[in-house]
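Notes follow once the structure below has been shown.
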Protein chains: 2
Amino acid sequence: MPDSKKPVKRMPGEDRKAQIVKVATLLFAKNGFKGTTTREIARKAGISEAVIFKHFSRKEDLYKAIIDSRCSEGTGQSRLINHLKGKKGKEVFKDLAAFLLSEHQRDSSFLRLLTYSALEKHDLSEIFIKTKGLELIEFIEAHIKSLIDEGVLKKTDPAVAARAFMGMVLHYSISQELYGLKKYFERPNETVIDIFVNIFFEGMKRR
Amino acid sequence: MPDSKKPVKRMPGEDRKAQIVKVATLLFAKNGFKGTTTREIARKAGISEAVIFKHFSRKEDLYKAIIDSRCSEGTGQSRLINHLKGKKGKEVFKDLAAFLLSEHQRDSSFLRLLTYSALEKHDLSEIFIKTKGLELIEFIEAHIKSLIDEGVLKKTDPAVAARAFMGMVLHYSISQELYGLKKYFERPNETVIDIFVNIFFEGMKRR
DNA sequence: AGTATTAAAGTAAGCACTTACTCACTAACT
DNA sequence: AGTTAGTGAGTAAGTGCTTACTTTAATACT
């Protein structure tokens, strides 16, 4: 009687599964989906290739698992958004920029994964891009809108303004970390943030 | 024998080598270096695979040829820079943004090639990234510097300011064309450009 | 308790196919 | 006749994925 009582215990393979996803994430971020072999993943995880296929029937499923976990995990950005909700005015922009720059400098793998995902289009990548890429935009858009309503900022399409600010910050991160341009250009984060926020805030200020 | 996919035919004066580079550029931009097979290139060029290796001893050499030609070709950006030299003040920013947005919308393959090149790092990609990525930045940086010296803009590190403006424009292009976010957000180019340039110019203006 | 049963976790080897790359050879042009 | 551009049929080294089998450990049944 296989169904009579199924104790809800930790599936024995759960740890391994998580480990495989972890290793795969590393490698996909480094070399892309197409540039990573299942053999490589197995080797780095210290197991045989077949184990991977015990847990994920296709290589593509591994990718899905990564995207899924990255989408649902509320660690990074949601905590950031909560933190930002306590701030007001210019502070929000400063804190947002500071967080993003330092986070991407510390570990650029998320940025790489997102970009690879955009170029090699898979089924789920669109959802990934959309949730992760638009999450912050929408928050900052709402913040800008409220500042406009308060009369602090001049009347401007908040969606476009939000993209202007995020563009400054994100493209800076991308060109420094992904394009590897930090060899040719280095300034302290605070300096860059100060100038970016100033340009944006002064440029948007009602007068 | 006729191919199911339309072969990219060789132009009358064009030699095989140039044709191969052309086809490879298309495919590398679409699927990346690792995601493109020599077989695919041959098929699309309507020739056998061996011909490719008559002209390029390794697949990597094909990539080098692409990067080389893209680096040395003065068609797109240099002409733009010449055009911009006739303009002054705010106009420069507007024209620059308008050119980049419409160019990337018309054909995003250059953007894709550059981004793939950044992720899959090959020997030459750094030079590619550097020349193509920094060319415009340096021009706009010089323009900003002169506007500061004239007293039009307030004293700011021109390198950072240039990156702020280019970030707005390029990240907008990238998120629209590469991340495929234009489904979720569409505004007329002029509207976006107007807002971007306004934020930047007002934010930088001396008062 | 001690033993049998079961299921999952693991492996080594290999399958069918694709990859970049080669070569012996043919036709065509000068 | 010799150079050139081209090919079809290879090659060895991968590729994702499967198979046939062993180990481990928890459970079920005397």
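In what follows, every chain begins at residue 1, and chains take the letters A, B, ... in the order their sequences are listed.
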Touch class at under 4.0 angstrom, heavy-atom based, for Thr37(B) against every strand present
sugar-phosphate
Of Phe53(A) and Ile47(B), the one whose nearest nucleotide on DNA chain D sits closer to the 5' end is Ile47(B)
Under 4.0 Å: is that the gap between some side-chain N or O of Lys54(A) and OP1 or OP2 of dA9(C)?
no
To the nearest Å, how far apart are Phe56(B) CZ and dA5(D) P?
13 Å
Can you find a side chain N or O atom of Thr38(A) that sits less than 4.0 Å from OP1 or OP2 on dG16(D)?
yes
Distance check needed: dT7(D) P versus Arg43(B) CZ, whole Å only.
14 Å
Taking CD from Gln19(A) and P from dA9(C), how many angstroms apart are they, rounded to a whole number?
13 Å
Rounded interatomic separation in angstrom, taking NZ from Lys34(B) and C1' from dG14(D):
14 Å
Any chance the rings of Phe93(B) and Phe200(B) have centres within less than 6.0 Å?
yes
Look only at the side chain of Lys145(A) and the backbone of Asp157(A), and say whether a donor-acceptor pair between them is shorter than 3.5 Å.
no
Interatomic distance, Ser117(B) atom OG to Leu124(B) atom CG [nearest 0.5 angstrom]
8.5 Å
When you measure from the side-chain N and O atoms of Arg16(A) to the phosphate of dG10(C), is any distance below 4.0 Å, counting only OP1 and OP2?
yes
Atom CD of Glu40(B) to atom C1' of dT18(C): distance rounded to whole Å?
12 Å
Rounded to whole angstrom units, what separation is found between the NZ atom of Lys59(B) and the C1' atom of dT22(C)?
17 Å
Which of these nucleotides, dA20(D), dC21(C), dG16(D), is closest to any side-chain atom of Glu49(A)?
dG16(D)
Give the nucleotide from the list dA20(C), dT15(D), dG6(D) with an atom nearest to the side chain of Val51(B).
dG6(D)
More 5' along DNA chain C: Ala50(B) or Gly46(A), using each one's nearest nucleotide?
Gly46(A)
Separation of dA9(C) C1' from Ile52(A) CD1 (nearest whole Å)
14 Å
Between the side chains of Gln105(A) and Asn189(A), does any donor sit under 3.5 Å from an acceptor?
yes
Base of dG16(D) paired with side chain of Arg39(A) (donor-acceptor, under 3.5 Å)
yes
Any donor-acceptor N/O pair, His55(B) side chain to Leu62(B) backbone, under 3.5 Å:
no
Measure NE2/His55(B) against P/dT4(D) and give the value in whole Å, please.
12 Å
